[in-house]
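For the numbers below, each heavy atom of this structure counts, side chains included, while hydrogens, waters and symmetry mates do not.
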Amino acid sequence: MIPSSPKSSKKSTAKVDSPARPWRSLLWRGSLAFLAMAVGFGAAQAYVRIKVNGVSLKWVNPTINWQLNSAGSDDIPDGSHEAAIEHAFEEWQQVNGSKLVFSRGADTTSTNTGASSHIVMFDENNTSGYFPGGSGIVAITPISFDTGTGNILDADILFNGKDYTFSTDGTATTFDVQDVLTHEIGHFVGLDHAPNAAATMWPYVATNQWLHRSLTQDDEAGAVAVAQQGNQSILSGHIQRDSDDSAISGAVVSALRASDGRLVAMALTSGVGNFTIKSLPAGDYWLHVTPLEGGMTSANLTGNGAVETDFAPGFYGSYAAPTPFTITGTTSSVNAGTLALDADSTMKETTSGTVLLKRGQAAVITVFGTSFNSGAMTMTAKSPHITVTNITSGASFVRGTVTIGAGAPYGSYDLFLKGTTDFEVASGAVEVVADPPVLNTLSASTGATVGGQSVTLSGTGFQSGAWVMFGGVEAPAVTFTNSTTVVATTPASTVGTVDVAIMNPDGQSTRLDNSFSYTGSAVMEALVPTAGQTSGGSTIFLAGANLSSDTTVLIGGTEATVLAAGSTYMKLRTPAHAEGTVDIVLQNAGSPDTAVTDAFTYVTTDDPTISDFTPDKGPKGGGTKVRIRGAMLDQVTTVKFGVDPVTGQGGKDASAVDVLGATAVEATTTANNQSGSFGLLLMNAEGQGALVSGFTFEGGSTTAAASGGGGGCAAPLDGQNPPNPWAEMPGLAILFAGLGWLRRRLRCQVPEPVKVPIDN
């Protein structure tokens with residue numbers, strides 16, 4: 001059973017379902033929380049199994065299905081969270097030596113966590129009940145398991161969308177979806193929090209954190225431990241007190257690579273003081289042992305094993321000359337023997353965090369603590385690649401300039417704080433990271449909506465295994481050429497301009513904003529009017545799909561002037577042309593042309609025009625007689641009211657039309673379904689026409705026309721008038737309604753977390 005003792009708001013909490021809930025008597029639900037109140041930068045380096053009453057949690061079948069809640073995240077409208085979530089699962093699945101396989105099922109609308117469906121969801125309004133006000137929990141993984149066997153029966157992953165904001169592109173003050181989820185999947189498979197500030201399984205997270213997207217060696221060892229596939233090396237030993245030879249339970253044992261000083265793996269001692277570190281690659285290792293105290297304590301562990309801290313840190317061998325232990329391969333089994341540790345030291349490091357540094361970079365790092373030897377402390381990384389100079393100290397801090405050598409291997413490094421007699425460890429205090437990628441250019445800036453186009457990305461810092469996103473949709477194929485060149489295949493999309501981003505496997509990413517435009521073949525569905533004067537200058541309205549201001553329209557082989565455009569309409573001014581019927585050709589870059597034969601007719605007569613009309617309003621039930629004045633009106637055969645004044649579409653024929661001469665026409669309105677301001681269209685027998693805005697249908701709802709509309713006096717709609725912002729009202733109405741829903745809740749900014757600072 002998971003204990004439910006109160007924890008500090010900065011610590012991990014463990015919650016238990018009441019036995020009255022509909023679970024079998026042997027089943028409890030433990031809530032493994034990923035909290036937001038302190039920093040946790042760094043690549044993952046340590047794992048601890050979740051153990052309850054000495055039993056490790058595990059899946060019986062290492063092939064685990066999961067489903068994504070289809071509502072997605074309120075914060076990520078482009079759907080890019082899907083790729084981030086899939087890559088987080090892939091990080092764990094691709095571990096060599098592990099049997100873990102994750103299978104994504106059909107998306108679901110269910111929010112019923114605990115129903116054996118293994119849901120990943122963004123909880124935007126605390127539907128789950130796991131995110132009460134002030135919980136401080138960014139994400140949580142509730143697990144149902146058999147307390148006798150430790151077999152996991154159900155697990156779900158919930159993001160706290162009620163209190164926190166998520167992103168996939170590093171937006172300021174947001175939490176990264178992939179970073180958070182990679183941690184939660186560790187719990188999902190049975191791993192507990194890890195006592196290393198550089199670890200993915202460290203219990204705290206900060207905004208804009210990215211390094212936890214990727215796994216490193218000891219996380220991978222955790223994946224092997226919960227679902228072993230083959231042989232793995234073993235380095236074991238026993239930790240006890242020097243005073244009475246009693247075993248120490250819950251001590252943190254860390255393995256450093258002797259050749260470069262990197263922190264490679266960690267383990268906790270068992271109740272009888274034994275430890276086992278598995279899956280170390282071949283090489284020599286130093287072992288040091290520290291109490292679980294400071295930034296992370298036993299309160300952060302979900303399991304209920306005993307953790308003792310009444311001892312001083314120590315090395316196998318000595319602080320000055322650690323003993324190396326050699327691993328020769330996957331079948332190595334090395335027993336380091338027994339290490340006896342001194343009584344508890346008063347010196348303690350109290351603030352844990354990780355500073356990210358690149359090769360050749362230097363920074364002043366301050367580590368805080370208690371009972372330091374003022375003026376007598378030293379700081380070192382025990383690595384030939386890292387130097388620490390200009391060291392100063394007081395009773396509560398040690399400060400030094402940390403410089404990373406040009407050949408330092410990427411990874412985590414401890415900082416050792418040595419006093420007059422004892423030492424303390426800032427675990428994973430330094431993370432050496434690669435330069436971030438830089439995306440400079442694309443070989444193509446346009447492509448068809450069907451996708452499938454090869455685009456070469458040029459820049460610097462690209463890594464093998466990088467993935468590429470076009471407007472939040474992952475490229476289906478990516479070929480890594482070298483650190484400056486990657487070739488990606490465009491995914492299918494809709495017409496529009498999108499960002500292009502590249503994500504390196506180490507978690508760093510970059511993007512080019514608005515750098516690629518999708519242009520499917522344009523479609524023409526309707527044209528109003530269908531004829532115009534040979535001198536050109538006629539205003540026509542084209543309705544269709546895949547249209548934009550970049551769409552070229554050729555009328556009789558000559559380009560028309562675009563006055564306004566949206567994805568479903570274009571307002572055009574015709575070029576001059578000889579009398580006769582001509583084709584219209586629509587052109588979008590990167591897509592085949594669309595030709596509509598005999599679509600427009602040039603005639604020698606001038607187009608009709610409208611100067612004004614009265615009255616300019618009437619009941620939506622119809623029956624209003626309207627006098628229209630203008631020129632060339634003697635051949636008018638059709639008058640329509642209720643027309644969209646921007647697209648020229650819709651409307652109903654007048655119930656009666658009376659031509660009074662070349663300068664006037666009277667027409668009677670028919671019933672209109674909606675009230676609001678609309679356009680008035682008239683056409684003659686040749687197909688020529690004129691459209692003006694400003695006729696208002698009154699009565700009932702005051703909602704404007706479904707697809708737009710303008711008010712005011714009647715005026716010709718030509719190129720001198722600005723485009724109507726409601727040109728695509730059907731789509732915009734949905735979008736605005738959606739945005740209102742997306743922003744319905746108050747966002748809370750997470751306080752700046754405690755961290756090991758870099759002094760400027």
Side-chain angles (χ1 to χ4, degrees), residues 68 72 76-91 93-94 101-104 106-107 167-170 176-178 181 210 213-214 434 436-523 545-546 548 550-551 567 587-594:
L68 179 63
I76 309 173
D78 67 359
S80 58
H81 64 285
E82 292 197 41
I85 289 170
E86 288 185 341
H87 278 278
F89 278 106
E90 288 171 5
E91 279 296 315
Q93 179 172 308
Q94 65 189 6
V101 175
F102 298 101
S103 176
R104 179 177 177 179
D107 290 356
S167 73
T168 59
D169 60 3
D176 182 78
V177 170
Q178 188 177 343
L181 189 67
W210 52 263
R213 291 176 172 180
S214 61
V438 176
L439 179 55
N440 292 326
T441 60
L442 306 177
S443 63
S445 60
T446 59
T449 55
V450 294
Q453 178 179 348
S454 291
V455 177
T456 300
L457 286 66
S458 299
T460 59
F462 301 160
Q463 297 173 3
S464 179
W467 47 293
V468 176
M469 302 274 282
F470 287 79
V473 181
E474 186 175 356
V478 176
T479 302
F480 173 80
T481 303
N482 52 47
S483 62
T484 63
T485 306
V486 162
V487 179
T489 301
T490 59
S493 186
T494 56
V495 172
T497 300
V498 300
D499 302 338
V500 177
I502 183 168
M503 283 75 168
N504 276 342
D506 71 356
Q508 299 189 85
S509 62
T510 185
R511 70 183 53 241
L512 278 180
D513 294 335
N514 301 317
S515 55
F516 190 84
S517 295
Y518 279 99
T519 58
S521 293
V523 176
N546 294 343
S548 73
D550 294 326
T551 301
S567 63
Q587 298 177 331
N588 278 341
S591 300
D593 294 351
T594 299

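- Looking at Ser483 and Gln463, their side chains never come closer than 4.5 Å, going by heavy atoms from C-beta outward.
- In plain terms, the two heavy atoms of Ala434 and Gln508 that are nearest each other are O-NE2, 2.9 Å.
- The minimum heavy-atom distance linking Phe89 with Leu181 is given by the pair CE1-CD2, 4.2 Å.
- In this structure, the side chain of Glu474 does not engage the main chain of Ala83 through any donor-acceptor pair within 3.5 Å.
- The shortest heavy-atom contact between Leu457 and Ala488 is CD1-CB, 4.1 Å.
- A side-chain contact (heavy atoms from CB on, under 4.5 Å) with Arg213 holds for exactly one of His87, Gln178, Glu91; it is Gln178.
- In this structure Asn546 satisfies the side-chain contact (heavy atoms from CB on, under 4.5 Å) test together with Val495, Asn588, sequence neighbours excluded.
- Checking each of Val487, Thr490, Val500 against Val455 for a side-chain contact (heavy atoms from CB on, under 4.5 Å) leaves exactly one that passes, namely Thr490.
- The closest donor-acceptor contact from the side chain of Thr484 to the backbone of Ser458 lies at 3.5 Å or more, if one exists at all.
- For Thr510 (side chain) and Val438 (main-chain N/O), no donor-acceptor pair under 3.5 Å exists by modelled atom type.
- Side-chain contact check for Pro491 versus Pro476: some heavy-atom pair is nearer than 4.5 Å.
- Checking Thr497 against Ser517 by side-chain atom types alone, a donor-acceptor pair falls below 3.5 Å.
- Using cut-offs of 30° and 60° for the angle between ring planes, the Phe470 and Phe516 rings count as perpendicular.
- Once rounded to the nearest 0.5 Å, the distance linking CD1 of Ile502 with OG of Ser509 reads 9.5 Å.
- In this structure, Val486 and Thr481 have side chains that are not in contact, with every pair of non-hydrogen atoms separated by 4.5 Å or more.
- Residues Ile85 and Val177 have side chains in contact (heavy-atom distance under 4.5 Å, counting atoms from C-beta outward).
- In plain terms, the two heavy atoms of Asp78 and Gly471 that are nearest each other are CB-O, 3.9 Å.
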With side-chain contact (heavy atoms from CB on, under 4.5 Å) as the test, would you mind laying out the steps for Arg511 and Leu439 before giving the verdict? CA-CA 6 Å; Arg511 70 183 53 241; Leu439 179 55; 5.8 Å; no

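- Of the inter-residue distances, the one linking Asn504 atom CG with Ser464 atom OG reads 10.0 Å to the nearest 0.5 angstrom.
- In this structure, the separation between CG on Leu512 and CG on Asn440 is 7.5 Å, given to the nearest 0.5 Å.
- Closest non-hydrogen pair, Thr449 versus Tyr518, comes out as CA-CD2, 3.8 Å.
- Considering every non-hydrogen atom in both Asp506 and Trp210, the closest pair reads O-CZ3, 3.3 Å.
- Ala448 is linked by a side-chain contact (heavy atoms from CB on, under 4.5 Å) to Val450, Ser591, counting only residues two or more places apart in sequence or in another chain.
- Using a distance-only test at 3.5 Å, with no hydrogens or angles considered, a donor-acceptor pair links the side chain of Asn482 to the main chain of Thr485.
- A salt bridge links Arg104 to Glu86: one of the charged nitrogens lies within less than 4.0 Å of a carboxylate oxygen.
- Glu82 pairs with exactly one of Thr168, Ile76, Leu68, Val473 by the side-chain contact (heavy atoms from CB on, under 4.5 Å) rule, that one being Leu68.
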